[in-house]
Structures are given as C-alpha cells and as structure tokens.
Q: 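Have a look at this one before I ask anything.
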Protein chains: 2
Amino acid sequence: MELWLEQLHNLFAGKFSFQKEILEKYAKDAWLYARIPDGVFFPESKEDVIALMQFAHSKGIYVTARGGGRGYVGGAVPAKGGVVISFEKMNRIKEIHLEDAVAVVEPGVITGILQEKVKERGLFYPPDPASVMECTIGGNVATNAGGPRCLKYGVTRNYVLGLEVVLADGSITKVGGRTIKNKTGFDLTGLFVGSEGLLGLVTEITLRLIAKPPFRAGLSAYFEQMEEAISCINHVLSSGIMPSALEIADRFTLKCAREFTKEQIPLYDAHILLEVDGSEAAVNADIGFFENLLKTFSPKRLSKAFGEEECEKLWQTRRLFSMSLKASGLTKLNEDVTVPRSRLIDLINLGKDLQKEFNLTVACFGHAGDGNIHVNLMVDWLQEEKRKQAEEALNILFDSVLSWNGAITGEHGIGIAKLPWWQKAVSQQSRLLHEKIKRSLDPKGILNPGKFV
Amino acid sequence: MELWLEQLHNLFAGKFSFQKEILEKYAKDAWLYARIPDGVFFPESKEDVIALMQFAHSKGIYVTARGGGRGYVGGAVPAKGGVVISFEKMNRIKEIHLEDAVAVVEPGVITGILQEKVKERGLFYPPDPASVMECTIGGNVATNAGGPRCLKYGVTRNYVLGLEVVLADGSITKVGGRTIKNKTGFDLTGLFVGSEGLLGLVTEITLRLIAKPPFRAGLSAYFEQMEEAISCINHVLSSGIMPSALEIADRFTLKCAREFTKEQIPLYDAHILLEVDGSEAAVNADIGFFENLLKTFSPKRLSKAFGEEECEKLWQTRRLFSMSLKASGLTKLNEDVTVPRSRLIDLINLGKDLQKEFNLTVACFGHAGDGNIHVNLMVDWLQEEKRKQAEEALNILFDSVLSWNGAITGEHGIGIAKLPWWQKAVSQQSRLLHEKIKRSLDPKGILNPGKFV
C-alpha cells in the first residue's frame, strides 16, 4: 500500500476507504469501462473536500468526482486511478425558499427527491434526466443534465444561480449568487456547470425554481412512416406554441418496450409523445390545437392524457425505453447526438443505413424537439467482430453529425466514451482554449485526469 | 502623432481614423464618463479584426470593442485610451434558417432590425433591451443583454448557440455550434457572452430563434400603494402561469412619463404592466385569469390590450420611461440592481428612504418579475454637493442589495460605473478566478483595459 493512501485513511477516519468491494463499486458509471480507483472518499462537509484537495494538490494525487454514477460516457470513471470522491453523504437540502423560488442544496441530493420536496411547496425544478431517481444534483451540474422538459424549460445550467466550488488547490470560492439575473463579472457559474469535474468540485448549489404549472396534458401518437412523424414535429415547433416535451421513438424501441413491459404497445415506425403544461384552460385549448395538427398527419393511433396521473402513465413507458433496450440482452451504445432540426430526418435515415450496412440494430428515441436524438447501437459486445463493426458505425455516425453542424453529445458529455471523437468535434484553436482555462484553474491537472483536457 | 497610429492608418486605409470628431464620438456610451481614444477602427471582416489584433498584440496596444454605444456603465469607454473597434460596418445578417430556427449574424447588426427580419419569416428573437433600435447583437453579447421579455424567455446568453471569436493574440476560434443542446467541452460560448469585451472580440454569432407566438395580450394596472403592487406580483409569479413580461413603475416615473409624453397617464404609487403570449385561446384564458387576480388587489385603474397593436401601445409608454426621466433635466443614474424576490419591497422602500435622507429623487421601474429593478437616482450633476450625496446614496443602495443576496448589476454589467463596488460585490477568491481566466486568454491585458480585471 502506498504511503499517501494510509495517510488519507488516517486523516479521514471512517470517510476514506480502500476496501476491495468499495473500490470495485466506484470503478464505473452506467458506461462499459471500469478503472479501479486507489481509494474512495466520502466527504461530509466542504471542510472535508478542502482538506482532501489540499492534500491531493500538495502530493499530486488524482481526484475524480462522482455523483449518482448514472453517466453514460464514463465521465466519473477515474481513468488514471487516484481518489474517487463520492458526494453521497453531502445530501442535505439546506433551504427551499418559497418567495425567492430558490433552493440551496448539497451536491449529493438525488434530483428526484429535490423535485418531490419543492413540489410539496408548490414549486417546480424542471430538468428531468431519465435517471432522475438515481442521479444527483451535483452530477447534473457536472454534466449540465437535460431531459424531455428541457425543450420548454432549458437545461440544468439555466437553473443554477450560484455555486460554492473547491478548486484543485483546495481553495474555496462562491460564484454567481441568488438572483435570476446577475451581470457581476464573467459567467463562472455557467463555466463550472457541464465542466465534467475538470475545473473544480462543487460543494453547494443554489438553484432557481419556478412555480409549478397547475395543469398538464399529453398526446401519444403512432405513425406508419417516420417521415410523417418528423414533418409533424416540424409543424408543432413552428406553431409558436411551445410544448413542454416533444419526444420521438422508432419501431425497434417500441418493440423492445413492448417485450419488456408486456403491455400492448402498438408497433409502428414512429411514436410521438407531446406534452403541454400551464393553466388548465390554456392547456385544454393548446392540446386541442395539437390534436388537430397531429390528425392532419394521419396517425394510426392517437390518445390523450389529462392531468398528472394520466400523463405520468404515458411517461412511465417512455422512461422504460432505455431499460427495455438493455433488457434485449445486447449492449446498448447510447449516443446522444444533436443535429439542427432540418437534419432530423437525415439522422434517422442514417440509423437505418447503419443498421443495414453493419448488420446491427439501431434504436432511435429521444428529444426530437431540440434535435437531441439518442441513437442506440445494439451490439453483442462479446463478439469482437461485432464490436469492431459497431465502432466503425459510430465513426460514420459522428462524422455525419459533425458534417451537418450537429454535436456529438447533447446531454451526456465527452467522458471517456466520446474521447476518440473529441479532436474531430472541436477545432485545434478551441481545444487550446480549453487547455488554457484548465491550466489556469488546475495547473497540476489533478482533477478528473485522462479526459478531454 | 505616435508611430503605431500612423502604421495602423496606413495598414487599414479608410478603415482607421484619428480625426478629432470621430475620436470624440467614440469616447463614450450612454453613461457620463468619456475618454478620448487614440484611434477608431471600423473593420469590415474578421480578417480586419485578426490583422488589428495581431498588430495590437505585438505592440501592446489597448483595444476596446464597441457595439451600439448604448451601454449604461461605460463598458465601451476606452478607459486607458488606445483603439476603439466599432463593428458598425460588420452588420450583415448572413443567414436566417427557417427549419433550423437559427440566425447567423455579424456583431454590428442592430437588434431591432434582426427582430424585424426574423419576424417576417414567422420567427422570434426574444431578448428586448430598451435600446433595441440602436443597440447591436455584438453589444448584447458583450453585456448579455436582457429586457422585459427575459422573464419568460431568458437573456441573450440563452440564445447564443455559437460564436466566432478573435482572441487577444489575433488567433481566431469557433466555440459552440448550431444546436440547441451541446455538451462538447466547456461552455466557452457562455463564458464569452457577458464578458464585456475583456476576453475576445466576437466576429460572428449563431443565434437560436423560436417560432413567433401567434397572439399576445396585456394588462395595465395602477395601484394606490406600492405594497399592493408587489404583493400582486408575488401572486402572479406563484400562479404557475408565466407571463411574458411583468413590469413595475413608481409614481415619479409615471409623473415624468406624463410630462414628457403629454398623455393622461394616471398618477398612483405603482403601475404594473403584465403581458401573456401564446395561442389566442390560451392567451385569452390566461389574461382573464390574471385580470381576476389583479382585481383582488383593488387596482385604481385596469385596462386590457389584445393583439399586437394594442399591446405595442402599452409598451410605447413603458419604453419612454427612460427617455422621460432624462427629459426631467436631471442626470439619471440608472442602477440595474437585482434582488431575490422577497426583497423587492425592501428595495422599493430603500429608494423612498434614500429620497428623504439625501433630498434627491429616486425613480424605480423595471423587470419586477425577475427582481431586476432599475433604481434611478435623479441628480443635478453640476452641483458638487448633490453629486457627493448621490454617491453616498449609491453606497447605501449597493451595500443593502448585497446584504440581501442581490447583485449590483442584473443587465448593464460592471463597466466603469460599477467598478467602485466590484470588490464588495465579488469575493477575493472569485476575483482571483476572474484574473486567472483573463490572464490565460489575454496575457498582456490589452482587451478593454481598466475594467474589472
């Protein structure tokens, strides 16, 4: 055992572990790749985090932050070993202020729990990643998490008003504040959000909340042809009425969901899930408008949901898509590419082409409203040949997306999974900029090393 | 004449001026303070900007960027002289793409002109600073401009998808892209937005647009007591229905507007302007809801506006508030402080206290919905005693706002006007962070020197 591990173990009695089972548990996230850390640290306060970073900085020890471990790209995997810092014990909701519509939380708070707690006060925290009951606000901040509702409400960054951050050298600083608007200096808050643990460790988050919309309604529609569904989505988005969510799923996704849930999910080429929220009167008017609009695209099935309970039922199935695909027994390579809206149909068609060319299954579903489709390559990962084919298919996918002015990741981040395409996705000048900023905040490169800078 | 000025004059024939009248014209913005630059540069392309920065970097010459010159804090004032770079000739709208809902523009495009052009295509660019017909998108990006509609739609940063930026050393880079969601690396786009020209010079902006809401309606209400109005605003914001704007104005503002416009504006302690947009049916429902809500607070006058034309009439007066105050003959110190919502009433009361204590007039109006009130100290600036009193009052204002967890600027930025309070507003650790980032991107400190870093 290395000396520094023993020192940390003594320094943080009961908060630092290098037990084999613990190390294994914290070696990976929801992606394939694992790397066993040297130790795992469970801070209970910002003082603990400061003390760890002072130690790590002085000794040059790598530190990789971890939220709920639900990331899809290996962002929380300690690619070069060192210490994993898990914020699960820093999970206090410090404040929910009704009139200010603000919550102050520690990073380890589970997103879904925060949502429940603010809902009890008539408030609303919109970002809703699929793993909402397992992921943490700290992880959401690190990845700038999204979700279906982000079409209308924006992503995590839009709700972070202020942060308390421990930097690589163990110094602590507050950035941002408690107000919706704030033009005091650079947007450092926004810079830390989505920085994948490479720039600092967040120990407190001040979140903007909004009042809970009193009513919601949804439409679920199945289309014979994907083209009809895409055209329908474009008409919805150019109507000037913003749905709170606008999701799409393809035939293979539906098939998997049907098998997994044992429910009578109809099998067509495309499914659209649309939701509207606001006052009951406005929602009733707008859902009627969208119902008529959808009907002009001749859906094979069309059903409506009114109110919390009925809408949640629609979403239950949607939330199971990801799980259903996994249950197919194949390895799911979930690529959250994003394209300008005019390229949605090209993206879906590319999925079909890849399916044929590489003899693998491609399932597409996700946030069509903002061009953010999860393209899932379903692969038998144990067969090397299949794996190679999948990698080739991914190359074509990312090259195409970039050629359409799209982005290789809309929600999940770069992590390790997308590292091979980082150089293609970002110009040399921009990479240099990233390096300059990284070096200015973490000159020794000890925070989440082995990632994109 | 210094050698470098002659060199620039020769290098950029017809694009570089050091004529006295030009220098004077570009010495100030909408704030009080002027500083004559050594030269003014009018680039016509990114190549011009690159060439200028290569020259400036090699010789250590200061460069201060300027948009429409409508800023309220002297942000575009060349505090240490050098070259002012005005983007007024780089004013092309390069692209408006209907299906992608994206516009690509040069920085010199007038915001209001872009809004008109995208409206012709059924699209909408929401940010609406009061100076919309004079300010530029480049200036909006530098200051992260807001406006009344930002309550529902967010500020400029929420609409900037990508930027082309010339850095201090003359290198050029693209950051961000063309998609709504993008998790490729750090949010450098967001970092440049609002950086007041201290980190780079923006030469191209890719903007997110949305579909134009088909209908709007407004309510204008006058209240006997400011407390009633503030309480009313809190009830509106906790309803779960988001108005597209929610503005407040006090008695003195109304009085000035009445004198200036010669219209029969009623004189009460508080005025609320509320607007809703969306589908006609939804808007009709929601404006009815808000009308009933406002009535429970016993307004002295209440009027409704339906559709574009009637709503615009309500806004005409609102847009003249600022001009009306100026027409009072006094100097208007427009302080765009922001407070958590529970402190709105404290802020208004503080304005009244300052008025009594310092025998000056304080006019408050602005974006009550997001706690961003423009507190205007009306001062006879030529009297030194009055000026000193005003400065003392400002000290109390900013100290109070900071003690309430507010921000000293919600829209205008720091510039020169708010420099005296920068150290109070931002912790030493955060200032250090600002300096590190500034130094990593502009090591010689030639971009907009004499400002907050």
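For the numbers below, each heavy atom of this structure counts, side chains included, while hydrogens, waters and symmetry mates do not. Order of the sequence lines sets the chain letters (A, B, ...), proteins ahead of strands, with each chain counted from 1.
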Q: Under 4.5 Å from any heavy atom of chain B, what part of A:R208 do you find: side chain, backbone, both or neither?
A: side chain

Q: Test your reading of the model: is there a side-chain donor-acceptor pair from B:D100 to the backbone of A:S342, 3.5 Å cut-off?
A: yes

Q: Using non-hydrogen atoms and a 4.5 Å limit, figure out which bit of A:N284 sits close to chain B: side chain, backbone, both or neither.
A: neither

Q: When only pairs under 4.5 Å are counted, which of A:S279, A:A285, A:A425 shares the most heavy-atom pairs with chain B?
A: A:S279

Q: Please classify the contact between A:E196 and chain B as side chain, backbone, both or neither, with a heavy-atom cut-off of under 4.5 Å.
A: side chain

Q: What's the separation between atom CD in B:E411 and atom CG in A:N182, rounded to the nearest 0.5 Å?
A: 12.0 Å

Q: Select one option (side chain, backbone, both, neither) describing which atoms of A:L198 are under 4.5 Å from chain B's heavy atoms.
A: side chain

Q: Run the side chain to side chain contact (heavy atoms under 4.5 Å, CB included) test against A:K174 and tell me which residues pass, sequence neighbours left out.
A: A:E164, A:E204

Q: Near B:E308 CD, under 6.0 Å, is it more than 12 heavy atoms from other residues, nucleotides or ligands?
A: yes

Q: Is A:R157 close to B:D187 at the side-chain level, that is, under 4.5 Å between some pair of heavy atoms?
A: yes

Q: Side chain, backbone, both or neither: which part of A:L237 has a heavy atom under 4.5 Å from chain B?
A: backbone

Q: Heavy-atom cut-off 4.5 Å, strictly under: side chain, backbone, both or neither for A:S427 against chain B?
A: side chain

Q: A side-chain contact here means heavy atoms from C-beta on lying under 4.5 Å apart; do A:V102 and B:P340 qualify?
A: no

Q: Below 4.5 Å from any heavy atom of chain B, which atoms of A:D370 appear? Answer side chain, backbone, both or neither.
A: both

Q: Is there a donor-acceptor pair under 3.5 Å between the side chain of A:T173 and the backbone N or O of B:S430?
A: yes

Q: Contact part of A:L123 toward chain B, heavy-atom cut-off under 4.5 Å: side chain, backbone, both or neither?
A: neither

Q: Measuring heavy-atom distances to chain B, does A:V453 have an atom under 4.5 Å in its side chain, in its backbone, in both, or in neither?
A: side chain

Q: With the side chain counted from C-beta on, respond yes when A:I437 and B:L191 share a heavy-atom pair under 4.5 Å apart, and no when they do not.
A: yes

Q: For the atom pair CG (B:L432) and OG (A:S171), what is the distance rounded to the nearest 0.5 Å?
A: 7.5 Å

Q: Measure distances from A:F215 to the heavy atoms of chain B and classify the residue's part below 4.5 Å as side chain, backbone, both or neither.
A: neither

Q: Just wondering, more than 12 heavy atoms not from B:Q423 lying within 6.0 Å of its CD?
A: no

Q: Hey, could you give me the OG1/NE2 distance between B:T184 and A:H434, rounded to the nearest 0.5 Å?
A: 8.5 Å

Q: Please identify, among B:L199, B:V193, B:L344, B:I408, the residue contributing the most non-hydrogen atom pairs under 4.5 Å to chain A.
A: B:L199

Q: Taking C-beta and beyond as the side chain, do B:F186 and A:S195 meet within less than 4.5 Å on heavy atoms?
A: yes

Q: Once you round to the nearest 0.5 Å, how far does NZ of B:K183 lie from CG of A:N372?
A: 12.0 Å

Q: B:F192 versus chain A, heavy atoms under 4.5 Å apart: side chain, backbone, both or neither?
A: side chain

Q: Who among B:S238, B:G146, B:G194, B:G185 has the most heavy-atom pairs with chain A under 4.5 Å?
A: B:G185

Q: CD1 of A:I241 to CD of B:E280: how many Å apart, nearest 0.5 Å?
A: 11.0 Å

Q: How would you list, by chain and number, every residue that makes a salt bridge (Lys or Arg N to Asp or Glu O under 4.0 Å) with B:R149, sequence neighbours excluded?
A: B:D128

Q: Any idea which of B:N234, B:V165, B:N144, B:L151 has the most non-hydrogen atom pairs under 4.5 angstrom with chain A?
A: B:N234

Q: Restricting to non-hydrogen atoms, name the atom on A:S239 and the atom on B:A211 that form the minimum distance, rounded to 0.1 Å.
A: N-CB, 4.3 Å

Q: Relative to chain A, which segment of B:W421 carries a heavy atom at a distance below 4.5 Å: side chain, backbone, both, or neither?
A: neither

Q: Against chain A, work out which of B:T409, B:I180, B:D286 has the most heavy-atom pairs shorter than 4.5 Å and name it.
A: B:T409

Q: With respect to chain A, which residue among B:A407, B:G410, B:A101 yields the maximal number of heavy-atom pairs within a distance under 4.5 Å?
A: B:G410

Q: Walk me through whether A:L433 and B:L167 qualify under side-chain contact (heavy atoms from CB on, under 4.5 Å).
A: CA-CA 10 Å; A:L433 255 181; B:L167 300 180; 4.1 Å; yes

Q: Can you measure from CZ (B:R341) to OG1 (A:T179) and round to the nearest 0.5 angstrom?
A: 12.5 Å

Q: For chain B, which candidate among A:V283, A:I414, A:L161 shows the most heavy-atom pairs at distances under 4.5 Å?
A: A:I414

Q: Report yes if the side chains of B:N158 and A:N158 come closer than 4.5 Å at any heavy-atom pair, otherwise no.
A: yes

Q: Is it the case that atom CD in A:E435 sees more than 12 heavy atoms from other parts of the structure closer than 6.0 Å?
A: yes

Q: Using non-hydrogen atoms and a 4.5 Å limit, figure out which bit of A:W404 sits close to chain B: side chain, backbone, both or neither.
A: neither

Q: Identify which of B:N405, B:V337, B:I210, B:D336 forms the greatest number of heavy-atom pairs closer than 4.5 Å to chain A.
A: B:N405

Q: Between A:R439 and chain B, with a heavy-atom cut-off of 4.5 Å, which part of the residue counts as in contact: side chain, backbone, both or neither?
A: neither

